[in-house]
Amino acid sequence: MAAIQDVEAAASAGPAIAEKLLAWYGREGRSLPWRIPPGADETPDPYKVWLSEVMLQQTTVKAVLPRYGRFLRRWPRVEDLAAAPLGDVLAEWAGLGYYARARNLHACAVAVAEEHGGRFPATEAGLKQLPGIGDYTAAAIAAIAFNEPAAPVDGNIERVMTRLFALKTPLPEAKPEIKALAASLTPKDRPGDFAQCLMDLGAQICTPKRPACGLCPIRADCAGYAEGLAEVLPYKAAKAERPTRLGTAFVSVRQDGAVLLRERPPKGLLGGMLEVPSTPWEGQQASAPLDFAPLEADWRKKVGLVEHTFTHFHLKLEIYAAEVAEGAALSVAADPGRCRWVARRDLADAALPSLMRKVLRHGLGE
DNA sequence: AAGGCGTGGGC
DNA sequence: TGCCCAAGCCT
């Protein structure tokens, strides 16, 4: 890894670079609902900072914006969130993905409310003990909400640092060096502003594709730019290819319009969310998919497939639909204890992930 | 330590 | 179209 000279260079050139960046942040930084203006004397509410950071994990600002305000209105304080049923939190999170975040968010709220008197720990180490708070989020909350001299490193900051110092070591191997460089650049008096400044630069100027180097406040300091590598850095290790899995889902519609849904196991893929009962999803279609139907009915196969891509596999689902009698008995294989009939008008607010909304739309023929 | 874990947008 | 990508965490 080496590159001690990079860290020393960052430490000596650091103050000048940080000054240019913070000046840019004052002019061009984004105004976001979980932020307070740059250079303000007070620090933002740790609960709001934490919520925004968790929502933003692997999720775009655009996707988070409409959800953050809704969530905060529903549960304005950490104690409110801690008192909510997990199912309500999952329903509010539906569509945002990575549902372990919502499960951990709830567990974290309970821990803060019950074990920390309703106040978040004020240090990076203390924050990192809490569920769903890892290296990045602990450092971000410590810096932004508590003005601690922490240096969070997210994907934006990785990109900015690898370009600024022309780091050719591929990710994730380069992470320790990136962390050291970011820490050496961080001004001790404004760690929160500086972290958010780097993230804004990464999001608006130092973008993954076609970076706007012409508008960059530190182009003159950028080794990646000087070497003509800004656009191709960071180098990344190759990722595994995604297999395709197949299955068949069964949309059961009762006479009164209610739809049969089932709660998934509490952990793992879509853990704790609701699903449309289906065969297992495997490398090939089940030879007799109807054996997996949740009840006996006149099943009709819908034309076409529902396709969905998860992080680590593609999924193609055949859809069968049937209108079923009011008192139809669920098959034992359907695990009736986890099943429930949900009225059509309640679907919008149910804990249904995007995949299952696609399945319902297809199966209900809308 | 590498792989599981969502989703929607952009090219 | 298919792939890449977004303020990562957990095991």
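Chain naming here is simple, since letters A, B, ... match the order of the sequence lines and numbering starts at 1 in each. Small disclaimer: the values here were computed from a predicted structure and weren't measured.
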Flag the pair A:Glu263 and A:Arg340 as a salt bridge only when some basic side-chain nitrogen lies within less than 4.0 angstrom of an acidic carboxylate oxygen.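 Yes, this pair counts.
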At a heavy-atom distance below 4.0 Å, what parts of residues 106-116 of chain A sit against DNA chain B?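 Contacts with DNA chain B under 4.0 Å: none.
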Check whether A:Tyr98 and A:Leu274 end up in the same hydrophobic cluster, where Ile, Leu, Val, Met, Phe, Trp and Tyr are linked by side-chain heavy atoms less than 4.5 Å apart.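 Hydrophobic grouping puts A:Tyr98 apart from A:Leu274.
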What integer distance in Å separates A:Glu92:CD from B:dG6:P?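 From A:Glu92 CD to B:dG6 P: 18 Å.
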Rounded to the Å, how far apart are A:Leu96 CG and B:dG9 C1'?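 Value for this atom pair: 15 Å.
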Report yes if a side-chain nitrogen or oxygen of A:His308 is closer than 4.0 Å to either non-bridging phosphate oxygen (OP1 or OP2) of B:dT7; otherwise report no.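 The answer is yes; a side-chain N or O of A:His308 sits under 4.0 Å from OP1 or OP2.
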Look at A:His312 and B:dC5 and indicate whether a side-chain polar atom (N or O) is within less than 4.0 Å of OP1 or OP2.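 Answer is yes, contact under 4.0 Å.
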Residues in side-chain hydrogen bond (donor to acceptor under 3.5 Å, both in side chains) contact with A:Gln57, at least two apart in sequence or another chain: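 Counting only residues at least two positions away or on another chain, A:Gln57 forms a side-chain hydrogen bond (donor to acceptor under 3.5 Å, both in side chains) with A:Thr137.
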Give me the distance, rounded to whole Å, that separates C:dC9 from B:dG8 when you measure between the P atoms they each carry.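 About 22 Å, rounded to a whole number of Å.
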Distance check, P atoms only: B:dG3 and C:dA7, in whole angstrom units.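 Between the two P atoms, the distance is 23 Å.
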Please encode protein proximity along nucleotides 3-11 of chain C as a string of B, S and -, counting only heavy-atom distances under 4.0 Å. --SBBBSS-
Just jot down the side chain to side chain contact (heavy atoms under 4.5 Å, CB included) partners of A:Pro191, sequence neighbours excluded, or say none.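 In terms of side chain to side chain contact (heavy atoms under 4.5 Å, CB included), with neighbours along the sequence ignored, A:Pro191 is linked to A:Ala143, A:Asn147, A:Thr186.
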Sugar-phosphate only, base, or nothing, as touched by A:Pro353 at under 4.0 Å among non-hydrogen atoms: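 Sugar-phosphate, backbone atoms only, no base.
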Tell me which residues in residues 269-285 of chain A lie within less than 4.0 Å of DNA chain C, going by non-hydrogen atoms.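 Within this stretch, nothing sits under 4.0 Å of the strand.
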Going by side-chain hydrogen bond (donor to acceptor under 3.5 Å, both in side chains), name the pairs with one or both residues in residues 246-255 of chain A, residues two or more places apart or in two chains.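 Passing the test, one end in residues 246-255 of chain A: A:Thr248-A:Gln285, A:Thr248-A:Glu318, A:Arg254-A:Asp256.
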Under 3.5 Å, is there a donor-acceptor pair linking the side chains of A:Gln204 and A:Arg30?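 Result is no, nothing qualifies.
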